[in-house]
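Inspection log for the structure reproduced underneath, given as structure tokens.
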Amino acid sequence: RQFSAAAHALGLKLSVRIAEAFGLPTAPVRRLDEQHGSFTRLNHYPLQDPLAHSDAPPPGPLGISQHTDAGVITVLLQDSVSGLQMQRDGSWIDVTPRPGTLTVNVGDMFQVWSNDRIAAPVHRVLASERAERYSIAYFLNPGEDSVIEPLLAAHNGQQARYEPIHWAEFRGLRALGDYANYGEEVQISHYRGKMLCSDVAAVARRERYCRRISVSPRWVNSIWRRNDMPSSTSSICNPGLMVAGTELSSMPPTLTRCR
């Protein structure tokens, strides 16, 4: 609890400072102080494969495959065992642990806020070969009902590169790729401009997500407009369609941004 509280305060302070440095409005960032869905995760990378005597495939060279963090900012405390790597200019760079230090990186939502001026770094973790590895990460995330969109574009009148992203939808779809094979894992690139409105695979992912969590999709389908969809998928955008007991015509109009 002490680590989570300290990491939250640090992550929030750094997020505000980064926003100020890039000339972004800080009000949405400061809102994370009370309205957030952050969590702490303990990571253990064992030497021995715990599934060695099962039907699971043999382990590969990675402890965690390459990815970007979904949220706003991540505060990571590593032990003394190396393994974390960051991608830079097509090469993998070791993020060597140093005593008394923390590793901090921005996530996808900060990249969207900045309209691509700040990039969430791609990183991975190598499987440990000489010693068990431990780390503890705090993920500063938006609140469940948060809608993330480019702040810089709204502030300076620039062209927004992303459609509004409902955080709970995005995180839920990303989680499907974390624990099961549902095809291509959702990324913020799926929300860039008109790509969202013409991505048939993205529609299917949202439908699977609705069925999997067995709750009203509310915002899940509210971002689709029937006239923007290919004919093969327009049925799910019918304004009168009932999904999980909720009529899509009652969806928040502020989220119908496909153009």
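All heavy atoms count here, side chains included; hydrogens, waters and symmetry mates do not.
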Could you report the tightest heavy-atom contact between Arg130 and Ser80, atom names first, then the distance? NH2-O, 4.1 Å

If you measure only the distance, is there a donor-acceptor pair under 3.5 Å linking the side chains of Asn43 and Ser135? yes

How close do Asp79 and Pro97 get, heavy atom to heavy atom, and via which atoms? O-CB, 3.0 Å

Sequence neighbours left out, cut at 3.5 Å: what donor-acceptor pairs do the side chains of residues 82-91 make with other protein atoms?
residue	atom	partner	partner atom	Å
Gln85	OE1	Arg124	NE	2.8
Gln85	OE1	Arg124	NH2	2.8
Gln85	NE2	Asp94	OD1	2.8

What donor-acceptor contacts under 3.5 angstrom involve side-chain atoms of residues 58-68, with partners at least two apart or in another chain?
residue	atom	partner	partner atom	Å
His67	ND1	Ser65	O	2.8
His67	ND1	His123	O	3.4
His67	NE2	Asp69	OD1	3.4
His67	NE2	His123	NE2	3.2
Thr68	OG1	Asp108	OD1	2.9
Thr68	OG1	Asp108	OD2	3.3

Do the side-chain N and O atoms of Arg117 and Asn115 include a donor-acceptor pair separated by under 3.5 angstrom? no

Can a donor-acceptor pair be found between the side chains of Arg133 and Gln78 at a distance below 3.5 Å? yes

In the hydrophobic clustering (ILVMFWY, side-chain contacts below 4.5 Å, transitive), which residues join Trp92, or is it alone? Val122

Cut-off 3.5 Å, no hydrogens considered: what does the side-chain donor-acceptor table look like for residues 3-16, sequence neighbours left out?
residue	atom	partner	partner atom	Å
Ser4	OG	Thr40	OG1	2.5
His8	ND1	Tyr138	OH	2.8
Ser15	OG	Gly11	O	2.7

What heavy-atom pair brings Gln187 and Phe170 nearest, and what distance separates the two atoms? C-CE1, 3.8 Å

In the hydrophobic clustering that connects Ile, Leu, Val, Met, Phe, Trp and Tyr at side-chain heavy-atom distances below 4.5 Å, which members other than Val81 occupy its cluster, ordered by chain and number? none

Linking Ile, Leu, Val, Met, Phe, Trp and Tyr through side-chain heavy atoms less than 4.5 Å apart, which residues share a cluster with Phe139? Phe39

Nearest heavy-atom approach of Asn105 to Pro121 is CB-CG, 3.7 Å

Can you tell me how far CD of Gln111 sits from CZ of Arg161, rounded to the nearest 0.5 angstrom? 9.5 Å

